[in-house]
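The block underneath contains the structure these notes are about, expressed in structure tokens.
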Amino acid sequence: MLVDFDYFFAQCEEKRNPSLKDQPIVVCVYSGRTEDSGAVSTANYVARKYGVKSGMSIFLAKRKLAEVNAVFLPVDRSFYEETSNNIMSILRHYADSFEQVGIDEAYLDVTEKANGSFKEAQRLAQRIMDEVKSREKITVSIGVGPNKLVAKIAADFKKPNGLTVVEPQQTESFLAPLPIDRLFGVGKKTSEKMETLGIKTIGDLSRFDVQKLIANFGKTLGTYFHYAALGLDDSPVSEKGMAQSVSRISTLREDTRDVAVIMNKIETLCEDIYINLSQMGIEFKTVSAVAVLKDMSVHSRSRTFENPVPNLELLTNTVKELFHRLIGETNLEIRRAGVKVSGFSEKHEKQRRLTDF
DNA sequence: GTATGCTTTCGGC
DNA sequence: TTACGGCCGAAAGCATAC
């Protein structure tokens with residue numbers, strides 16, 4: 001099953017201040033450029049009725065809510081994380097195996113706990129909803145299905161506070177009428193491409209020739225789409241280990257090509273990342289610079305070292321060098337600057353090398 | 001021809 | 001007509017090794 005926390009950031013704000021409950025709430029990431037510059041992270045369902053959606057500009061959200069008494073709040077991630085951690089530890093108790101996805105979603109394999117019965121799984125899901133509501137005052141939506149792919153789509157089917165069970169023999173008829181963008185991995189670009197091929201629903205996709213899918217989307221994706229449309233998925237529910245990358249990105253006060261301004265921002269981002277990772281004893285070998293230009297296009301350059309980056313200076317200098325390259329390859333001004341590190345390894349007391357013998 | 005690793009872009013939340 | 005964050009993982013695309 002998939003457990004999805006309803007409009008999570010905005011619901012956390014309702015929990016913190018219940019008097020806001022009946023008003024539109026919009027949780028925002030402010031960029032600090034102008035008073036209202038930035039994007040909507042999450043809105044509660046009252047705000048969604050007015051057309052407010054995740055990712056839209058705060059400016060547009062304000063216009064949609066101009067006539068009503070709406071609340072705009074900045075994201076308070078550490079507060080949401082605390083609630084999230086509490087809910088996740090409740091969920092673990094119900095699962096044979098558990099897989100957290102982001103801050104507000106988790107897959108639970110309950111095959112054994114439910115004795116392989118979907119009726120049992122449904123009762124389990126209801127108990128989870130009740131316990132999370134009574135202990136954390138948060139509603140969740142749950143999808144139960146024969147695998148992760150179906151469970152995810154089922155959870156999306158009825159929200160908020162919804163429970164949808166799709167048994168194996170119902171899978172095909174459940175999926176067939178749904179639009180293709182409900183499938184994980186099918187976003188705006190892919191669905192546009194599929195529509196030119198005459199594919200609008202998951203049913204259309206399931207009837208489409210596999211070889212033609214592969215010709216259009218490549219072997220990996222083409223094969224995946226074919227099986228996904230049939231509701232087939234054998235990926236296991238398994239705990240994700242350490243993150244594979246850590247990044248920081250920040251919007252500059254104004255679009256600029258001023259190297260001093262950009263380098264200044266980069267230094268701060270590098271320090272933040274380096275301090276965090278070295279405290280956790282994590283080393284990294286790959287360093288990337290990310291630039292979002294005036295036209296919103298995203299560009300990146302990276303460099304991988306043979307050994308872990310030994311100090312903050314090397315990190316900062318490398319990112320600066322990569323950024324110089326990015327600036328040199330465009331005439332446009334830079335809007336946002338970012339740093340990413342990956343290629344992790346845990347720090348050893350002392351690495352033994354061949355030369356030690 | 002296959003396996004593997006690195007760089008860059010894409011998509012989800 | 002515009003407006004527009006900050007992350008993450010996955011996959012494509014390419015190069016290299018065998």
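Order of the sequence lines fixes the chain letters, A, B, ..., with proteins taken first and strands second; residue numbering starts at 1 for each chain. In what follows, every heavy atom counts, from backbone to side chain, and hydrogens, waters and symmetry copies are set aside.
Remark: P of C:dC4 and NZ of A:Lys64 are 16 Å apart, rounded to the nearest angstrom. Distance, A:Lys62 NZ to C:dA3 P: 18 Å, rounded to whole Å. Between A:Ile103 atom CD1 and B:dC13 atom C1' the separation is 11 Å, expressed in whole Å. We find that CE of A:Met296 is positioned 9 Å from C1' of C:dA3, with the value rounded to whole Å. One atom, NZ of A:Lys294, and another, C1' of C:dT2, lie 12 Å apart when rounded to the nearest Å. Distance, A:Leu326 CG to B:dT9 C1': 13 Å, rounded to whole Å. Put simply, CE on A:Met56 is 16 Å from C1' on B:dC13, counting in whole angstrom units. In this structure, A:Phe225 places its CZ atom 12 Å from C1' of C:dA10, rounding to the nearest Å.
Note on A:Asp104: only backbone sugar-phosphate atoms sit closer than 4.0 angstrom, heavy atoms only; bases stay farther off. Across all strands, A:Gly38 comes closer than 4.0 Å only to sugar-phosphate atoms, never to a base (heavy-atom distances). Using a 4.0 Å heavy-atom distance criterion, A:Ser37 is classed as a sugar-phosphate-only contact.
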So A:Lys320 and A:Glu267, salt bridge (charged side-chain N to carboxylate O under 4.0 Å, His left out) or not? Walk me through it. CA-CA 9 Å; A:Lys320 284 183 174 178; A:Glu267 281 174 17; 2.7 Å; yes
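Geometrically, A:Arg127 does not engage A:Tyr94 in a cation-pi contact defined by less than 6.0 Å to the ring centre and at most 45° from the axis.
Near DNA chain C, meaning a heavy atom under 4.0 Å from it, residues 244-251 of chain A has A:Gln244, A:Ser245, A:Val246, A:Ser247, A:Arg248, A:Ile249, A:Ser250, A:Thr251 in order of number.
Salt bridge annotation for A:Arg335-A:Glu254: absent, with no cationic side-chain nitrogen under 4.0 angstrom from a carboxylate oxygen. Ion pair A:Glu136/A:Lys15 flagged as a salt bridge, since at least one NZ, NE, NH1 or NH2 atom sits closer than 4.0 Å to an Asp/Glu carboxylate oxygen.
Under 3.5 Å, the side chains of A:Thr304 and A:Thr286 contain a donor-acceptor pair of N or O atoms. Side-chain contact annotation: A:Ser37 with A:Ser31, donor-acceptor N/O pair under 3.5 Å present. Between the side chains of A:Asn44 and A:Gln11, no donor-acceptor pair of N or O atoms lies under 3.5 Å.
Look at A:Lys152 and you'll find a side-chain N or O under 4.0 angstrom from OP1 or OP2 of B:dC13. Applying the 4.0 Å criterion to OP1 and OP2 of C:dG5, one finds that A:Arg335 has a side-chain N or O inside that range.
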Which protein N or O atoms sit under 3.5 Å from an N or O of nucleotides 3-7 of chain B?
residue, atom, partner, partner atom, Å
B:dT7, OP2, A:Thr304, OG1, 2.4

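Taking the six-membered ring for Trp and thresholds of 30 and 60 degrees, A:Tyr80 and A:Phe9 have nearly parallel ring planes, at less than 30 degrees apart.
Comparing C:dG5, C:dT2, B:dT9 against the side chain of A:Arg63 picks out C:dT2 as the nearest. Counting only heavy atoms from C-beta on, A:Ser57 has its side chain closest to C:dA3 among C:dA3, B:dT9, C:dG5.
Expressed to the nearest 0.5 Å, how far CD of A:Glu13 lies from CG of A:Asn17 amounts to 8.5 Å. With rounding to the nearest 0.5 Å, the separation of CG in A:Asp109 from NZ in A:Lys148 is 10.0 Å.
With both ends at atom C1', the span from B:dG12 to C:dG5 equals 14 Å, rounded to whole Å.
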